Engineer: 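After the structure tokens below, expect a handful of questions from me.
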Amino acid sequence: MKLKDVWKKKEVTLSFEAFPPKKDSDFASVASAVEKIAQLKPDFMSVTYGAGGGTSAYTGKIAQIVQAQGVTALAHLTWVSSGRDRIHHELDALRQAGIENILALRGDYPEGYDPSAPRDYRYARDLVEEIRAYGGFSIGGACYPEGHVECPSQKEDLRHLKEKVDCGVDFLVTQMFFDNSALYSFLYRAQQVGITVPVLAGIMPVTNAAQMTRILSLSGTTLPNRFRMILDKFRERPDAMKQAGIVYAAEQMVDLVANGVRGVHVYTMNKPDVAAGIAENLSKVLGRT
Ligand code: FAD
């Protein structure tokens, strides 16, 4: 099913993100985790794409596992390590595999990457145009409620986002955030510049305090004091941290749904118990009996 049609029928969606294995030997365990997450019957599941090329071969395979469970897959695709030929090869493969939805991204720069070197694409919007011209896919894009780390101002970032949407983006998925007021402010400003596509809120249930440091430095996401206190209190007690992380994320989502967000997209880190915790906590809130 093409995702652009989902929000014509549904007021709010629940979706999960999974990531592919880094090496062959991890494939079976990742496939099993993804199957379990898909069995919770989210509205769709996204599968990330390794910008360095390392895990990219698995994205389509994991997306097929999602669809075999009867759940629509959204395959991420980045151009940062690929030229036009490789992108066309990926698009052919996704089409053949029956994948109809792509999250079109630039990708994180791999180490030692020279962004100024000449390439087939410059921004994610160039990939959006390429996929749109290729045809047959519903296309999503990334957005950043607190602004993209490389962009000097939120205003400029929003202007670029509007250009990206105008190239043919059907829906947006946000970077994770821990303070809902950041999203509400972003949605207001997005509306003001004429962005009208559904914006799905990216929510990360933090279950491991240590992994947060790297994620936060990459994403530029800020931590509200309330959440910092939770990390400080429970970082040495993994079970308590996991429980607190799920409850915090669920509370964020209840507030988001109450305020009319079109979808919550949960970064599950391939943990079926975390996805199940969220799905159970929100079943009535999301109208999923
Ligand atoms: P772009 O939209 O190209 O934006 C990148 C920067 O360029 C921004 O600062 C923007 O303001 C600026 N810009 C855009 N247009 C212009 C212009 N015309 N002139 C000047 N500046 C401009 N990474 C992966 O490697 N694999 C994944 O699977 C993956 N999944 C993600 C999923 C989500 C929901 C999100 C939010 C991010 C994901 N990322 C992933 C990370 C993403 O690749 C990085 O955040 C990357 O730095 C930017 O990607 P983008 O698609 O937003 O790029």
Side-chain angles (χ1 to χ4, degrees), residues 1-7 13-20 34 37-38 42-53 55-67 71-82 86-88 90-91 93-95 97-109 121 123-145 148 157 160-161 163-177 190 195 197-204 218-219 262-270:
M1 181 182 203
K2 293 219 167 56
L3 285 177
K4 67 175 178 187
D5 297 324
V6 166
W7 295 280
T13 53
L14 171 67
S15 50
F16 295 129
E17 181 188 275
F19 54 81
V34 167
I37 297 172
D43 292 295
F44 71 91
M45 275 180 75
S46 77
V47 185
T48 65
Y49 186 95
T55 67
S56 56
Y58 298 116
T59 299
K61 287 186 188 166
I62 297 290
Q64 279 180 287
I65 289 173
V66 168
Q67 299 220 136
V71 174
T72 299
L74 168 66
H76 296 207
L77 181 62
T78 71
W79 61 258
V80 80
S81 301
S82 306
R86 172 77 191 272
I87 290 295
H88 273 260
E90 296 284 358
L91 294 175
L94 289 172
R95 178 179 276 174
I99 310 297
E100 295 182 286
N101 306 288
I102 297 179
L103 192 69
L105 300 143
R106 184 192 78 189
D108 289 322
Y109 291 141
Y121 311 104
Y123 302 108
R125 71 172 195 187
D126 305 328
L127 181 59
V128 172
E129 279 178 339
E130 187 81 57
I131 302 171
R132 185 59 70 204
Y134 183 93
F137 291 103
S138 182
I139 306 170
C143 65
Y144 305 84
H148 185 255
D157 198 36
H160 299 147
L161 181 63
E163 289 163 5
K164 179 162 72 177
V165 171
D166 289 347
C167 287
V169 166
D170 298 314
F171 58 94
L172 292 165
V173 185
T174 78
Q175 179 64 277
M176 73 178 109
F177 58 91
I195 295 174
V197 295
V199 177
L200 314 184
I203 298 294
M204 163 86 84
L218 265 178
S219 67
R262 297 306 311 274
V264 280
H265 189 64
V266 183
Y267 299 118
T268 65
M269 307 301 280
N270 287 1

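Any value given below was found using the heavy atoms of this structure, including those in side chains, with hydrogens, waters and symmetry copies removed. Computed from a prediction, not measured in an experiment: that's the story for all the values here.
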Engineer: Without swapping roles, check the side chain of Arg95 against the backbone of Gly135 for a donor-acceptor pair under 3.5 Å.
Structural biologist: yes
Engineer: I need the minimum non-hydrogen distance between Val66 and Met45, along with the two atoms involved.
Structural biologist: CG1-CB, 3.8 Å
Engineer: Compare all side-chain heavy atoms of Leu91 with those of Phe137 and state whether any distance is below 4.5 angstrom.
Structural biologist: yes
Engineer: Thr174: which residues meet the side-chain contact (heavy atoms from CB on, under 4.5 Å) condition with it, sequence neighbours left out?
Structural biologist: Cys143, Pro145, Phe177, Leu183, Val199
Engineer: Could you measure the distance from the CG atom of Leu103 to the CG atom of Leu172? Nearest 0.5 Å is fine.
Structural biologist: 9.0 Å
Engineer: Do Tyr123 and Cys167 have side chains that get closer than 4.5 Å, going by heavy atoms?
Structural biologist: no
Engineer: Verify, without hydrogens or angle tests, whether Lys164 (side chain) and Val128 (backbone) share a donor-acceptor contact under 3.5 angstrom.
Structural biologist: no
Engineer: Suppose we screen for salt bridge (charged side-chain N to carboxylate O under 4.0 Å, His left out). Which residues come up paired with Arg132, at least two apart in sequence or across chains?
Structural biologist: Asp170
Engineer: Hey, could you give me the CG/CG distance between Leu74 and Leu3, rounded to the nearest 0.5 Å?
Structural biologist: 6.0 Å
Engineer: Once you round to the nearest 0.5 Å, how far does CZ of Phe16 lie from CG of Asp43?
Structural biologist: 9.5 Å
Engineer: Looking at side-chain heavy atoms only, is the closest gap between Arg262 and Phe171 below 4.5 Å?
Structural biologist: no
Engineer: Grab the two heavy atoms, one from Val80 and one from Asp108, that are nearest each other, plus how far apart they are.
Structural biologist: CG1-O, 3.7 Å
Engineer: Report the residues that fulfil side chain to side chain donor-acceptor pair (under 3.5 Å) with Glu129, sequence neighbours left out, ordered by chain and then residue number.
Structural biologist: none
Engineer: Measuring from Ile139:CD1 to Lys2:NZ, what's the distance to the nearest 0.5 Å?
Structural biologist: 10.5 Å
Engineer: Quick one: side-chain contact (heavy atoms from CB on, under 4.5 Å) partners of Tyr121, sequence neighbours excluded?
Structural biologist: Trp79, Arg84, Ile87, Asp126, Glu130
Engineer: List the residues meeting ring pair (Phe, Tyr, Trp, His ring centres under 6.0 Å) with His88, not counting sequence neighbours, and say none if there are none.
Structural biologist: Tyr134
Engineer: When you compare the side chain of Phe44 with that of Val6, does any pair of heavy atoms fall below 4.5 Å?
Structural biologist: no
Engineer: What heavy-atom pair brings Leu127 and Leu77 nearest, and what distance separates the two atoms?
Structural biologist: CD2-O, 3.4 Å
Engineer: Under the rule for side-chain contact (heavy atoms from CB on, under 4.5 Å), what residues qualify as partners of Ala97, not counting sequence neighbours?
Structural biologist: Gln64, Ile99
Engineer: For Asp157, what residues pass the side-chain contact (heavy atoms from CB on, under 4.5 Å) criterion, not counting sequence neighbours?
Structural biologist: Tyr144, His148, Cys151
Engineer: In chain order, what residues pass the side chain to side chain donor-acceptor pair (under 3.5 Å) check against His265, with sequence neighbours excluded?
Structural biologist: Ser15, Ser46
Engineer: Considering residues at least two apart in sequence or located in another chain, which fulfil the salt bridge (charged side-chain N to carboxylate O under 4.0 Å, His left out) criterion with Lys61?
Structural biologist: none
Engineer: Got a sec, which residues hit side chain to side chain donor-acceptor pair (under 3.5 Å) with Thr72, two or more places apart in sequence or on another chain?
Structural biologist: none
Engineer: Closest approach of Val47 and Pro20, non-hydrogen atoms and distance?
Structural biologist: CG1-CD, 4.2 Å
Engineer: Are Leu200 and Trp7 side-chain neighbours, meaning at least one heavy-atom pair lies under 4.5 Å?
Structural biologist: yes
Engineer: Tell me every residue that passes side chain to side chain donor-acceptor pair (under 3.5 Å) with Arg125, counting only those two or more places apart in sequence or in another chain.
Structural biologist: Glu163
Engineer: Heavy atoms, side chains only, cut-off 4.5 Å: are Met176 and Tyr267 in contact?
Structural biologist: yes
Engineer: For the side chain of Asn101 and the backbone of Met1, is there at least one donor-acceptor N/O pair under 3.5 Å apart?
Structural biologist: yes
Engineer: Using 0.5 Å steps for rounding, measure from the CD1 atom of Ile62 to the OG1 atom of Thr48.
Structural biologist: 9.5 Å
Engineer: Looking at every heavy atom in both Ala104 and Ala124, which two are closest together, and how far apart are they?
Structural biologist: O-CB, 4.0 Å
Engineer: List the atom of Ala18, the atom of Val34, and the distance in Å for their closest heavy-atom pair.
Structural biologist: CB-CG2, 3.8 Å
